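Bear in mind the structure is a predicted one, so any value in this text is a computation, not a measurement. For the numbers below, each heavy atom of this structure counts, side chains included, while hydrogens, waters and symmetry mates do not.
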Amino acid sequence: MMDGRIAIPDVFPGPGDVANKRVVLTGAGRGLGELIAHGFSRAGARVALVARTGRDLDAVAAALPGPTLRFSGDVREAAFNDAVADGVVEAWGGVDVWIANAGISPLVAGPVETDPDVWREIIDVNLTGTFLGARAAARVMTKAGTGGRIIITGSVLGERAARGLSAYSASKAGVVGLAKALALDLARSKITVNVIAPGWFDSPLAEGFKNNDRLADAILAHTALGRWGESTDLVGAFQFLASDAAAFITGGVLSVDGGYLLK
């Protein structure tokens with residue numbers, strides 16, 4: 001900066017430019033994960049698809065235009081996450097972006113009736129699985145010395161609870177705290193960590209709510225834009241945080257919710 005004027009660069013990073021990025025995407029076999037996979041692949045990224053069911057991954061990979069890798073296994077297992085990270089490094093030379101998107105959201109009863117095993121499964125997949133993926137990503141990104149991006153799929157339900165979703169809400173509130181702590185821990189390694197919190201999207205996870213008139217009306221009444229999220233509403237947020245334009249953003253939560261948290 002000279003004489004009160006700021007230096008203007010010749011080129012600005014392109015927001016959402018993910019061409020040639022090496023991206024790991026968990027929960028890629030269906031729903032929003034499948035949508036994110038298409039968005040990144042069509043934008044020129046190489047996408048390593050991760051899900052529990054290999055058949056689902058085969059179907060997604062066959063429909064993508066760009067290079068893919070496939071890893072089927074359980075994100076709750078540390079060894080599996082490490083194998084994914086090492087496999088991508090072996091195949092493509094490194095990991096630039098790790099999107100921790102795998103999650104489950106079964107409706108449960110009230111706290112007295114909730115089976116402890118169901119609670120543990122939701123927390124293990126949504127929170128522990130996210131941590132183990134971030135841990136694997138941080139290891140290979142730190143070793144490479146070039147930094148990277150960790151993006152976690154949260155939910156507006158981590159901030160506004162809903163009946164029957166106590167474990168899910170707890171897990172998604174937990175990933176926000178996790179992301180903020182990881183952002184501090186990994187900043188010196190030039191790794192950013194952020195959360196994207198979708199609202200109510202027209203996806204398989206929301207079918208039980210969308211098909212119930214009472215629940216659907218309540219959701220839309222809380223959504224300022226008055227509609228369900230569509231496929232084109234979400235992917236750009238992930239692409240932005242994965243791009244060089246977001247290099248100075250870490251420890252943040254980006255809500256993509258149509259104003260659900262405003263009302």
Hey, does the side chain of [X] reach the backbone of [Y] with a donor-acceptor pair shorter than 3.5 angstrom?
| X | Y | result |
| --- | --- | --- |
| Asp202 | Ser231 | no |
| Lys21 | Gly44 | no |
| Asn101 | Thr153 | no |

Could you check if a side-chain atom of [X] sits within less than 4.5 angstrom of a side-chain atom of [Y], using non-hydrogen atoms only?
| X | Y | value |
| --- | --- | --- |
| Val235 | Leu35 | yes |
| Val23 | Asp96 | no |
| Glu77 | Leu132 | no |
| Arg227 | Asp233 | yes |
| Leu178 | Leu127 | yes |
| Arg76 | Ile123 | no |
| Ile150 | Leu186 | yes |
| Ile249 | Thr192 | no |

Rounded to the nearest 0.5 Å, how far does [atom2] of [Y] lie from [atom1] of [X]?
| X | Y | atom1 | atom2 | value |
| --- | --- | --- | --- | --- |
| Asp185 | Lys180 | CG | NZ | 14.0 Å |
| Ser243 | Arg149 | OG | CZ | 7.0 Å |
| Lys210 | Ile219 | NZ | CD1 | 10.5 Å |
| Thr128 | Ile122 | OG1 | CD1 | 12.5 Å |
| Leu261 | Thr223 | CG | OG1 | 9.0 Å |
| Asn212 | Asp217 | CG | CG | 9.0 Å |

Selection residues 28-45 - residue pairs positive for side-chain hydrogen bond (donor to acceptor under 3.5 Å, both in side chains), sequence neighbours left out: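 Sorted result for residues 28-45: Arg30-Asp56, His38-Arg42.
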Output yes when [X] and [Y] qualify as a salt bridge under the 4.0 Å nitrogen-oxygen rule, no when they do not.
| X | Y | answer |
| --- | --- | --- |
| Asp86 | Arg139 | yes |
| Asp117 | Arg120 | yes |
| Arg160 | Asp257 | no |

Would you tabulate the side-chain donor-acceptor contacts of residues 6-15 under 3.5 Å, counting partners in other chains and residues two or more places apart, or write 'none'?
none

Please list, chain by chain and in numerical order, all residues satisfying side chain to side chain contact (heavy atoms under 4.5 Å, CB included) with [X], sequence neighbours excluded.
| X | value |
| --- | --- |
| Ala136 | Asn81, Asp82, Ala85, Trp98 |
| Ala242 | Val18, Phe40, Val97, Ile151 |
| Asn20 | none |

Partner of Leu57 under side-chain contact (heavy atoms from CB on, under 4.5 Å), chosen from Thr68, Val50, Leu49: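 It is Leu49; the other options fail the test.
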Passing option when Ile196 is tested against Val253, Ile36, Val256 for side-chain contact (heavy atoms from CB on, under 4.5 Å):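 Single side-chain contact (heavy atoms from CB on, under 4.5 Å) partner of Ile196 among Val253, Ile36, Val256: Val256.
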Measure across [X] and [Y] and return the closest heavy-atom pair with its distance rounded to 0.1 Å.
| X | Y | result |
| --- | --- | --- |
| Ser189 | Thr142 | OG-OG1, 3.5 Å |
| Ser169 | Ala161 | OG-CA, 3.8 Å |
| Gly33 | Leu25 | O-CD2, 3.3 Å |
| Ala221 | Lys263 | O-NZ, 3.0 Å |
| Gly39 | Gln239 | O-NE2, 2.9 Å |
| Lys172 | Ser155 | CG-CB, 3.7 Å |

Within 6.0 Å of CD in Glu90, more than 12 heavy atoms from elsewhere: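 Atom CD in Glu90 is not packed in, count stays at 12 or less.
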Inter- and intrachain pairs under ring pair (Phe, Tyr, Trp, His ring centres under 6.0 Å), touching residues 202-244, at least two apart: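 Sorted pair list: Trp200-Phe209, His222-Tyr260.
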Indicate if [X] and [Y] have the same hydrophobic cluster label, given that clusters are the connected sets of ILVMFWY residues with side-chain heavy-atom separations under 4.5 angstrom.
| X | Y | answer |
| --- | --- | --- |
| Ile99 | Val89 | no |
| Ile152 | Leu234 | no |
| Val193 | Leu254 | no |
| Val88 | Leu64 | no |
| Val47 | Leu69 | no |

Arg22 NZ/CZ over Trp92 ring centroid, <6.0 Å and within 45° of normal: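 No, a cation-pi geometry is absent between Arg22 and Trp92.
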